[in-house]
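I'd like to ask some things about the structure below.
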Protein chains: 2
Amino acid sequence: MFKTVEWKQSGVVMIDQRLLPEKEVYRTYRDHRGVARAIRDMVVRGAPAIGVAAAMGVALGARKIKSKDIASFKKEFGSITRLLASTRPTAVNLFWAISRMSRIVEDNAGKTATELKKKLIAEAIDIYREDIEMNRLMGKYGSDLLKSGSTVLTHCNAGALATAGYGTALGVIRGAVEAGKEIKVFADETRPFLQGARLTAWELKKDNIDVTLITDNMAGHMMQKGLIHAVIVGADRIAANGDVANKIGTYTVALLAREHGIPFYVAAPTSTIDMNILHGDDIPIEERDSREVTHLKGRRIAPQGINVKNPAFDVTPSRLVTAIITEKGIVKRPYGKNLKGLFDKKRKVR
Amino acid sequence: MFKTVEWKQSGVVMIDQRLLPEKEVYRTYRDHRGVARAIRDMVVRGAPAIGVAAAMGVALGARKIKSKDIASFKKEFGSITRLLASTRPTAVNLFWAISRMSRIVEDNAGKTATELKKKLIAEAIDIYREDIEMNRLMGKYGSDLLKSGSTVLTHCNAGALATAGYGTALGVIRGAVEAGKEIKVFADETRPFLQGARLTAWELKKDNIDVTLITDNMAGHMMQKGLIHAVIVGADRIAANGDVANKIGTYTVALLAREHGIPFYVAAPTSTIDMNILHGDDIPIEERDSREVTHLKGRRIAPQGINVKNPAFDVTPSRLVTAIITEKGIVKRPYGKNLKGLFDKKRKVR
């Protein structure tokens, strides 16, 4: 089985997702600058995987700091975290992971630089391990929502490739399959980056899960024909009111699901929930290079000299979301109250 | 300016739409078999253009019949029309054009083979000329529906390239621009064949109409942001109840338009209306080769060994259609009654 991102003594190793499914190439990044570039260029993508990679990038950067003086260590550490935080604006897991790493430095005032470096590496590896564990929990909780014999539509890739392993949306599908249910998957190809065609289809095929590829604009027709029974997607950031920022096109899928009476589920760890953002409209939406739309594998597919838009995400209002599957349990309406409850340590959601 | 399809003494000349926008290549077809192949392989596409090409294909085929005996002429003529009718199942203009050509043979019982050949060529050229004329009328009627300063979303290509010239949906946009209105266009790229990216963007750019390319899954986001004020698409077949078969993804765009209170217009000549089909569910939907989804410009973009669906069209229920723009005027609800009225020669719609 492949590994999306991994900490090794030599550096952070990532599978280059731009080259899948044709080539399975692993790249080793030896400093935080390389990791930042890999995140920006989408060698690694998917909110949880970005978080893990960024944490490892911070650890790599910290490991290379030469100064033993804590003040200068902190200064260099600050520039490392700022660089990594500048890579992509929408996935909140990036900022969540970086702030967890920063807290290690803040909370260990008396420690030496060498001790801090060790703790930072350990924290990055913890973030990695916890991510897999959270995905397995989501898979366990979420699988109850899927009936055996059903066909599930997913958009983009919220699988093992979008996380440290197992996946969020695809983790729920894997959980249902592991529970002995018969599940088929329809994968939207997900233009412009083709995460569905290239990544979701690839990893489900590897797991022998029945997958049917469609172009994004076919989902409505498949629902009209009664071929889809549930939708599951991941998330890049969930606002405190339950609005979900996810890969461009998710909003349209959610609207189609409501029109056809099909449940629309979002699977995301609590690290994706941003309680500081009250409403989805306030989530920053990344606009990426127009070449992602006008070119494919380096070849032009549109005329020159036209305007192009390329927002990487959209916002699905919480009213279209049937439930949010987290590692702490399944959250339903009212989202404002119930999402807040997840962060109240005394309460158990499930 | 380019010509989509043209009758010349040497044969039927068509611009090869598979190669646009990179290359502007014109191909000459000297017999009906070549024209049939060109329709099937989408050298020419778009319901009205398919109709014109088929009519010219019939004329080409008839011109080559050697027998002077009317019985054998008719037999050969029958096999020509059957071949052309087998090329694509959804666009009704194909069958409409072929049956107009067949009527020439049926209605001219006393004529010689030579006379019939002349009449068939004249009829094909008439169908071509009438198509352009109908588009100009649709442009005139439809332009009243568009306000100056508005941005119009279109899906697929219902332009000069989809017709003998001027276009249906893009004809309405051209009509509005010619009437002095300021109109901007958003073009869905329209996977898998990319008619929006390759053809709509190309022909609007040639006309200096402001065009912005988006992937299909971005339309919902653009509507959420208030950037789209109207939607206009063409049609491949309209049922008697007003249900519209058009390029895959049209249904989703119509649903998005309704959700955002945006008018959704269909521009199509009356030759696209099939009064023999009562309900959209009964319109045959072509399923095309899966390679159109898994490959782009000959290069694979999805893993091997997965399932793929590739329906070329979907059906938009008439309840989502604000108005149908025809060469006889604008048709609104109730479509059952008002579409029937178009074919009642004594009544004037407008």
Side-chain angles (χ1 to χ4, degrees), chain A residues 20-22 155 184 186-192 194 196-198 201-202 204-206 210-222 224-225 227 247-253 255-256 259 285 290 293-294 296-297 299-311 313-315 317, chain B residues 20-22 155 184 186-192 194 196-198 201-202 204-206 210-222 224-225 227 247-253 255-256 259 285 290 293-294 296-297 299-311 313-315 317:
Chain A
L20 289 171
E22 285 168 294
H155 187 73
K184 291 184 177 175
F186 268 64
D188 278 349
E189 67 171 6
T190 318
R191 284 279 294 146
L194 295 169
R198 298 191 304 104
W202 182 77
L204 290 179
K205 170 105 180 58
K206 272 197 180 249
D210 187 297
V211 57
T212 300
L213 177 65
I214 56 173
T215 60
D216 301 297
N217 57 20
M218 290 174 190
H221 177 71
M222 298 304 159
Q224 263 183 328
K225 295 284 166 196
L227 298 174
K247 180 53 52 198
I248 188 76
T250 303
Y251 165 56
T252 298
V253 175
L255 207 60
L256 284 166
E259 177 74 11
I285 299 295
S290 64
V293 173
T294 56
L296 217 136
K297 294 186 180 252
R299 292 190 62 182
R300 182 168 271 283
I301 54 170
Q304 285 180 299
I306 56 167
N307 310 309
V308 180
K309 295 261 187 199
N310 186 17
F313 307 95
D314 61 22
V315 174
Chain B
L20 289 171
E22 285 168 294
H155 187 71
K184 290 184 177 177
F186 268 65
D188 278 348
E189 66 172 5
T190 319
R191 284 282 291 146
L194 294 169
R198 298 191 303 104
W202 182 76
L204 289 179
K205 168 109 182 56
K206 270 194 183 254
D210 187 296
V211 58
T212 300
L213 177 64
I214 56 173
T215 60
D216 300 297
N217 57 21
M218 290 175 191
H221 178 71
M222 298 304 159
Q224 264 183 327
K225 296 282 166 199
L227 299 174
K247 180 52 54 200
I248 188 75
T250 302
Y251 166 56
T252 298
V253 175
L255 208 59
L256 283 166
E259 176 73 13
I285 299 294
S290 64
V293 174
T294 56
L296 217 137
K297 295 188 179 248
R299 292 192 61 182
R300 181 169 272 283
I301 53 169
Q304 284 180 299
I306 56 166
N307 310 307
V308 180
K309 296 260 187 201
N310 187 17
F313 306 96
D314 61 22
V315 174

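If you're wondering where the values come from, they're calculated on a predicted model, not measured in any experiment. Just so it is clear: chains get the letters A, B, ... in the order the sequence lines come, proteins before strands, and each one is counted from 1.
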Problem set entry | Option in E259(A), R198(A), K247(A) with maximal non-hydrogen atom pairs under 4.5 Å from chain B | E259(A)
For this session: Measure I306(B) against the heavy atoms of chain A and call it side chain, backbone, both or neither at under 4.5 Å.
Result: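 Contact with chain A is through both the backbone and side chain of I306(B).
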Exercise. Quick one: what part of D188(B) sits under 4.5 Å from any heavy atom of chain A, side chain, backbone, both or neither?
Worked result: neither
Problem set entry | Those residues that, when tested against K206(B), pass salt bridge (charged side-chain N to carboxylate O under 4.0 Å, His left out) (two or more places apart) |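 For K206(B), the residues satisfying salt bridge (charged side-chain N to carboxylate O under 4.0 Å, His left out) (neighbours in sequence not counted) are E24(B).
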Problem set entry | Contact check, side chains of R299(A) and E22(B), non-hydrogen atoms, under 4.5 Å | yes
For this session: Of all the heavy-atom pairs spanning P303(A) and A197(B), show the shortest one and how long it is.
Result: CD-O, 3.0 Å
Exercise. V293(B) versus I214(A): any side-chain heavy-atom pair under 4.5 Å?
Worked result: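 When only atoms from C-beta onward are counted, I214(A) and V293(B) do not touch, as no gap falls below 4.5 Å.
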Exercise. Hey, does V211(A) have a side-chain heavy atom less than 4.5 Å from the side chain of N307(B)?
Worked result: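 No - every pair of side-chain heavy atoms lies 4.5 Å or more apart.
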Problem set entry | chain B interface, residue from D314(A), L255(A), I248(A), V308(A) that has the most non-hydrogen pairs under 4.5 Å |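 That would be I248(A).
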For this session: Begin with the C-alpha distance, continue with both residues' side-chain angles, and end with the deciding distance and a verdict on side-chain contact (heavy atoms from CB on, under 4.5 Å) for K297(A) and L296(B).
Result: CA-CA 9 Å; K297(A) 294 186 180 252; L296(B) 217 137; over 6 Å; no
For this session: Determine the option with the most heavy-atom pairs under 4.5 angstrom with chain A, choosing from L256(B), V315(B), L194(B), I285(B).
Result: L256(B)
Exercise. Which heavy atom of P21(A) sits nearest a heavy atom of A302(B), and at what distance?
Worked result: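 That would be CG-C, 3.7 Å.
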For this session: Name all residues meeting the side chain to side chain donor-acceptor pair (under 3.5 Å) criterion together with T215(A); count only those two or more places apart in sequence or in a different chain, and write none if there are none.
Result: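 Partners of T215(A) by the side chain to side chain donor-acceptor pair (under 3.5 Å) criterion, ordered by chain and then number, come out as N217(A).
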For this session: Drop me the distance from Q224(A)'s CD to T252(B)'s OG1, to the nearest 0.5 angstrom.
Result: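 Interatomic distance, Q224(A) CD to T252(B) OG1, rounded to 0.5 Å: 8.0 Å.
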For this session: Return the minimal non-hydrogen interatomic distance between Q304(B) and K205(A), and the atom names on each side.
Result: O-CE, 3.1 Å
Problem set entry | Charged N-O contact under 4.0 Å between E189(B) and R191(A) |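 Salt bridge present between E189(B) and R191(A).
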Exercise. Do N310(B) and M218(A) have side-chain heavy atoms sitting under 4.5 Å apart?
Worked result: yes
For this session: Go through L20(B), L213(B), T190(B) and name the one with the most non-hydrogen pairs under 4.5 angstrom from chain A.
Result: L213(B)
Problem set entry | Residue I301(A) versus chain B: region with a heavy atom under 4.5 Å |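 When you check distances to chain B, atoms from both the backbone and side chain of I301(A) fall under 4.5 Å.
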For this session: Let me know if F313(A) has heavy atoms under 4.5 Å from chain B in its side chain, its backbone, both or neither.
Result: backbone
